[in-house]
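Here the structure comes first, spelled out in structure tokens, and everything after it is commentary.
As the structure is a prediction and not an experimental result, all values here were calculated from the model. Chain letters run A, B, ... following the sequence lines, proteins first, then strands; residues in each count from 1.
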Amino acid sequence: MGDFMQWDEDVCIVSGDNRDWQDGDEPRTVIELWCRSRAGHSTLLLVNGLSPYVEISDPSTDESSSGSNLSLGRVAETNGVRGEPEPSGMKLSTMDGRVRPHYRVHVRGTTKVRGVRKALSEFGWTVTSADILFVQRLLLDLDLGPHIRASGEVLWAGERAPDEAKTPENTDVGIAEERILSAGGSGVYPLDMVVSCDISGLSRTEPFPAPFVTMSFDLETSIENNTILCAAAVVDRAGERREYPIVGAETEILEKLTEVVRSEDPDFITGYNIDNFDLPRMEERSEYIDTESEMDRATLLGWGRVPINQAETKRGWRRPGRIFPNREQNRVWTIKGRIPLDAWWQARQTLRPQRESLRYVSQLLWPDDEEMQKMDIDASKMDEEWADRPDEVLEYCVRDTVLPLDILEKMKSIPRKEALASVSLTTVDVAATSTTSRWIDSLVIRLADRSGVAVPNTNQGPRKQDKIAGGYVHEVNPGVEPWVVVLDFKSMYPSIMISNNICSTTLVRDGSEDDSHSTSPVTNTRYASREERLGLVPQLLQGLMDSRDRHKAALAKANEEGDEAEAFLQDQLQYAVKILMNSFYGVFASNFYRFTHPSLGASITEWARHNIKEIISKVEDDGDDVVYSDTDSIFVIAPVGAAPMNKPSGGEELERWEDARRATLEFGESLAERFTREGAELEFETALSSFFSHGAKKRYVGRVVWPREEMLIRGYEVRRTDTFQLLSDTMTQMFEMILDGNETGAVDMTKSVIDRVRARDVETSQLVISRSCKGKWNSKKEEWDFSVYKNEDGLPYVRAAKQRIEAGLQFTPGMKVGYIISEPEEGQKKQKKLAVKAWLVDEIGGDPPEYDTEYYAGRLAKSLGRVTEAFGWDEKNLLKGNRQSNLFDF
DNA sequence: AGATTCGCCTAG
DNA sequence: TAAGCTAGGCGAATCT
């Protein structure tokens with residue numbers, strides 16, 4: 001037996017899984033951690049030493065009980081239980097607010113947990129901590145985050161492994177495989193290294209930017225028969241890109257693509273719309289191609305980061321082999337050990353583009369780069385294109401794999417996920433593809449385990465329950481108001497949770513009343529004082545607030561020292577903390593979360609409404625006017641006397657303007673100071689030289705003069721992705737003029753735009769409207785199903801989606817569908833519905849459809865008329881088309 | 001013509 | 001099933 005190579009290094013955990021195995025007679029569970037090292041190679045860690053467990057308590061016991069009334073012996077004899085239950089001390093149950101003795105019950109493998117949980121519940125035990133993934137359990141129990149130091153023995157060292165890690169044994173596939181199997185692994189994993197370690201070999205490290213490897217891919221497929229015509233992949237390894245154009249028979253294409261995945265070993269897999277197009281298509285084609293066995297199919301689609309062997313390819317009970325990409329119940333795709341990250345979805349979430357085609361998004365990001373937006377292949381006629389000019393199609397395919405990498409890079413998607421993983425202490429895949437409740441679980445359960453609080457299971461079943469009341473929104477009057485200050489509460493909901501100690505562990509449930517309690521203003525919901533018991537959530541939120549301050553300080557320091565990399569890292573971290581803090585309220589106001597109670601969310605908003613209303617009435621008592629308020633903000637007119645709203649270019653007028661600005665700032669600061677108290681910091685956010693609303697809540701505009709000069713627009717069409725560009729641009733221009741006091745000019749400008757529309761003097765692309773459209777694939781009928789809608793053909797965007805599909809273009813549930821309202825054709829004139837024409841120019845070029853001039857003139861007049869009506873010009877007036885708005889128009 | 005319903009999108 | 005929340009505006013179709 002040769003020597004084992006001892007090894008330790010810093011890695012970032014991409015993803016994890018667990019594997020039950022037999023160590024002789026002993027059932028064991030090993031945790032597999034797929035990691036990227038700080039130095040750049042990939043490492044699979046096989047971690048042994050932790051066994052799955054659940055916790056139990058006897059509901060008939062309480063704080064004074066020395067044992068349980070139910071039989072612990074019977075627990076030990078239950079099928080799947082390992083050994084005797086161990087007392088784990090007195091714990092608080094957040095289900096009933098009682099403290100009672102708890103026991104830890106070890107289970108013989110993760111697959112037995114479900115059965116043990118069921119059996120013990122039937123005996124009358126309350127079972128807790130029973131729905132936590134075993135990988136998550138490792139991070140919780142060892143208090144790890146994604147960035148760890150790992151030390152163990154190198155079982156396998158592949159080509160890209162550091163030379164100093166290599167020995168004759170660990171570079172020999174046969175020997176390595178044997179050693180991996182006896183450490184609980186499944187074979188030689190397709191990573192640079194496989195390292196075996198014990199839980200004692202893992203410890204948390206400071207976050208560092210891991211040099212992840214990303215692969216982007218794209219398929220071109222036949223519209224006639226769905227076959228794959230060609231494919232491309234590009235791999236980004238520390239900024240170095242390698243392109244793989246792939247042609248050949250369909251089987252060959254799939255094999256080559258799979259070979260790229262297995263040899264390049266990427267952590268992230270991206271592409272444009274891979275979730276809904278490329279991955280499902282590959283699954284379908286690989287199943288269609290007649291293979292002898294799942295082992296054979298693995299050569300076509302074995303993208304999972306596991307060895308290709310019988311165990312990994314075999315379909316288990318309700319579970320396909322780990323070797324294949326898999327989509328559970330039509331939801332997100334999982335690829336074991338890797339992270340599928342669809343560039344389409346990321347772009348949509350981050351950029352909120354008006355349209356979502358790859359072409360449109362590229363143009364948005366790189367308006368000057370023609371090469372990136374070039375579209376010389378008609379995707380709706382792919383079969384002909386492929387027959388006529390395969391080289392160009394392949395080139396087009398390669399370009400469409402490069403763009404998603406550039407898009408992710410531009411949006412900093414991957415560093416953001418890594419930062420979120422770091423602050424929420426989860427693996428990177430959980431941060432990237434999971435949901436807010438999982439991030440919060442990671443922090444809350446960790447603290448609960450250390451604080452003697454039992455961890456209940458996630459609430460199952462359909463949601464019923466009444467909605468809780470939300471924030472307060474103040475009425476707003478139509479018109480312009482000069483010189484307004486905007487103040488808002490800093491992190492309002494988190495602050496309320498902290499200062500009132502709101503948590504399921506502190507909620508007073510027994511009706512007791514004590515002066516020390518924190519009592520909500522209207523419903524008198526009570527929470528224990530911090531001194532009596534500091535809530536888990538307030539404790540976590542305070543920690544997050546402090547850590548955000550630390551990251552911000554580190555960011556400032558790094559900027560000062562010119563350390564760009566460090567500044568970037570700290571900025572990502574502080575931003576991730578902000579996101580995470582703001583997620584708490586939503587999760588705790590939901591009704592499925594394990595640590596929630598209907599009172600929690602309701603008390604938070606109750607305090608919020610109380611606080612803001614109290615300030616409004618105090619400000620008004622002082623004689624100042626509150627013009628608007630939404631949830632945590634308040635807009636107050638600054639008493640500055642008569643001063644010009646728009647900045648004069650010089651002279652005495654400019655001085656008066658500057659005096660007004662100075663007085664406004666002083667007023668804002670004085671309000672902030674006056675109303676800030678412990679745990680409720682009211683910040684002076686912005687000063688406006690003018691504020692306008694047409695009188696609807698959540699829709700307003702302001703000219704900001706402090707802390708920077710800009711226009712602030714909220715709610716209006718300008719902000720929305722479902723209006724057309726011309727409306728958005730015209731409205732922006734109109735607001736500029738209104739805020740300068742030039743109301744007549746605004747009306748004239750608007751009228752002239754309406755005239756131009758009527759004269760067909762605008763580009764049709766300025767008139768595209770787009771909205772998200774749902775839909776389900778009906779695999780029996782082989783068609784898209786829009787029956788989620790009560791009246792599918794009554795919705796313009798659904799009609800447009802159907803036209804898209806008809807034209808042979810892709811449709812993805814949830815995608816934004818663009819369309820134009822056109823003149824109704826002769827036969828349709830009687831119809832009351834709008835004549836919709838799908839906008840396909842972005843994808844297949846060609847002539848745009850003719851637009852309906854009266855419809856667009858009407859839409860402009862309606863939206864802009866709502867605004868101008870505030871000073872006497874209504875929709876009808878705008879439509880009159882009389883450009884000179886002088887006195888005679890009235 | 002006004003009211004009602006559905007559905008999307010935004011503010012916070 | 002898996003799942004952050006509520007308040008609010010408005011367009012289009014449809015009903016009265």
>> Does A:His694 reach a base, just sugar-phosphate, or nothing at all? Heavy atoms under 4.0 Å.
In response: sugar-phosphate
> Closer than 4.0 Å, any side-chain N/O of A:Arg714 to the OP1 or OP2 of B:dG12?
Replying inline: yes
>> When you compare the side chains of A:Asn501 and A:Thr506, does any donor N or O come within less than 3.5 Å of an acceptor on the partner?
In response: no
> Atom NE2 of A:His474 and atom C1' of C:dG8: how far apart are they, to the nearest Å?
Replying inline: 16 Å
>> On the nucleotide C:dA12, are OP1 or OP2 found under 4.0 Å from the side-chain N or O atoms that A:Arg859 carries?
In response: yes
> CZ of A:Phe635 versus P of B:dA11: gap in Å, rounded?
Replying inline: 12 Å
>> Regarding A:Glu606 and A:Thr523, do their side chains bring together a donor and an acceptor under 3.5 Å, going by distance alone?
In response: yes
>> So, OP1 or OP2 of C:dG11: does either fall under 4.0 Å of a side-chain N or O from A:Arg771?
In response: no
> Under 4.0 Å between a side-chain N/O of A:Thr436 and OP1 or OP2 of C:dG4, yes or no?
Replying inline: yes
> Side-chain N or O of A:Lys467 less than 4.0 angstrom from OP1 or OP2 on C:dA7?
Replying inline: no
>> What is the separation between atom OH on A:Tyr789 and atom P on B:dG7, rounded to the nearest whole Å?
In response: 8 Å
> Does a side-chain N or O from A:Lys816 land closer than 4.0 Å to OP1 or OP2 of B:dC8, or not?
Replying inline: no
> Using a cut-off of less than 4.0 Å, is there contact between a side-chain N or O of A:Arg799 and OP1 or OP2 of C:dA13?
Replying inline: yes
> How about A:His694 and A:Tyr716: does a side-chain donor come under 3.5 Å of a side-chain acceptor?
Replying inline: yes
> Atom CG of A:Asp793 to atom P of B:dG7: distance rounded to whole Å?
Replying inline: 13 Å
>> Once you apply a heavy-atom cut-off of 4.0 Å, does A:Ser583 come out as touching a base, just sugar-phosphate, or nothing?
In response: nothing
>> Rounded to whole Å, how long is the line connecting atom CD of A:Glu875 with atom C1' of C:dG11?
In response: 13 Å
> Side-chain N or O of A:Tyr593 less than 4.0 angstrom from OP1 or OP2 on C:dC5?
Replying inline: no
> What residue among A:Ser424, A:Ser422, A:Ser547 forms side-chain contact (heavy atoms from CB on, under 4.5 Å) with A:Val577?
Replying inline: A:Ser547
>> Would you say A:Thr812 and A:Asn273 are linked by a side-chain donor-acceptor pair, where the criterion is simply a distance under 3.5 Å?
In response: yes
> Is A:Arg352 touching bases, backbone alone, or none of the nucleic acid, heavy atoms closer than 4.0 Å?
Replying inline: sugar-phosphate
>> Which is more 5' along DNA chain C, the nucleotide nearest A:Tyr493 or the one nearest A:Tyr472? Just name the residue.
In response: A:Tyr493
> Within the structure shown, what part of the strands sits under 4.0 Å from A:Thr721 by heavy-atom distance: base, sugar-phosphate, or nothing?
Replying inline: sugar-phosphate
> How long is the line joining CZ of A:Phe489 and C1' of B:dA11, in whole Å?
Replying inline: 18 Å
> Does A:Arg866 make a side-chain N or O approach to OP1 or OP2 of C:dC10 shorter than 4.0 Å?
Replying inline: yes
> Atom CG of A:Asn791 to atom C1' of B:dC8: distance rounded to whole Å?
Replying inline: 16 Å
> Expressed as a whole number of Å, how far does the P atom of C:dG4 sit from that of B:dG12?
Replying inline: 23 Å
> Quick check, are the ring centers of A:Phe588 and A:Phe595 under 6.0 angstrom apart?
Replying inline: no
>> Tell me if the CE atom of A:Met411 is crowded by more than 12 foreign heavy atoms within 6.0 Å.
In response: yes
> Picking from C:dG4, C:dA7, B:dC9, which would you name as closest to the side chain of A:Ala469?
Replying inline: C:dA7
>> Heavy atoms only, 4.0 Å cut-off, all strands: where does A:Arg594 land among base, sugar-phosphate and nothing?
In response: nothing
> Within the pair A:Ser437 and C:dG4, is there a side-chain N or O less than 4.0 Å away from OP1 or OP2?
Replying inline: yes
> Would one find a side-chain N or O of A:Arg699 under 4.0 angstrom from OP1 or OP2 of B:dA11?
Replying inline: no
> Looking at A:Met734, A:Glu869, A:Glu875, A:Arg859, which hits side-chain contact (heavy atoms from CB on, under 4.5 Å) with A:Leu864?
Replying inline: A:Met734
>> Over all strands shown, is A:Gly471 touching base, sugar-phosphate only, or nothing at heavy-atom distances under 4.0 angstrom?
In response: sugar-phosphate
>> Any base atoms under 4.0 Å from A:Tyr855, or only sugar-phosphate, or nothing? Heavy atoms, all strands.
In response: sugar-phosphate
> Distance check: side-chain N/O of A:Lys790 vs OP1/OP2 of B:dC6, anything under 4.0 Å?
Replying inline: yes
> Nearest to the side chain of A:Ala589, which nucleotide is it out of C:dT14, C:dG9, C:dC5?
Replying inline: C:dC5
> Is the shortest side-chain N/O distance from A:Ser772 to OP1 or OP2 of B:dG7 below 4.0 Å?
Replying inline: no
> Starting at CD of A:Glu717 and ending at P of B:dC9, how long is that distance when rounded to a whole Å?
Replying inline: 14 Å
>> Please confirm whether the shortest side-chain N or O distance from A:Tyr700 to OP1 or OP2 of B:dG12 is below 4.0 Å.
In response: yes
> Looking across every strand, which nucleic acid part, if any, lies under 4.0 Å from A:Leu834 by heavy atom: base, sugar-phosphate, or nothing?
Replying inline: sugar-phosphate
> Across the strands shown, which category fits A:Ser863 at heavy-atom distances under 4.0 angstrom: base, sugar-phosphate, nothing?
Replying inline: sugar-phosphate
>> Need one value for A:Gly586: base, sugar-phosphate or nothing, where a base atom within 4.0 Å counts as base even if backbone is also close, heavy atoms only.
In response: base
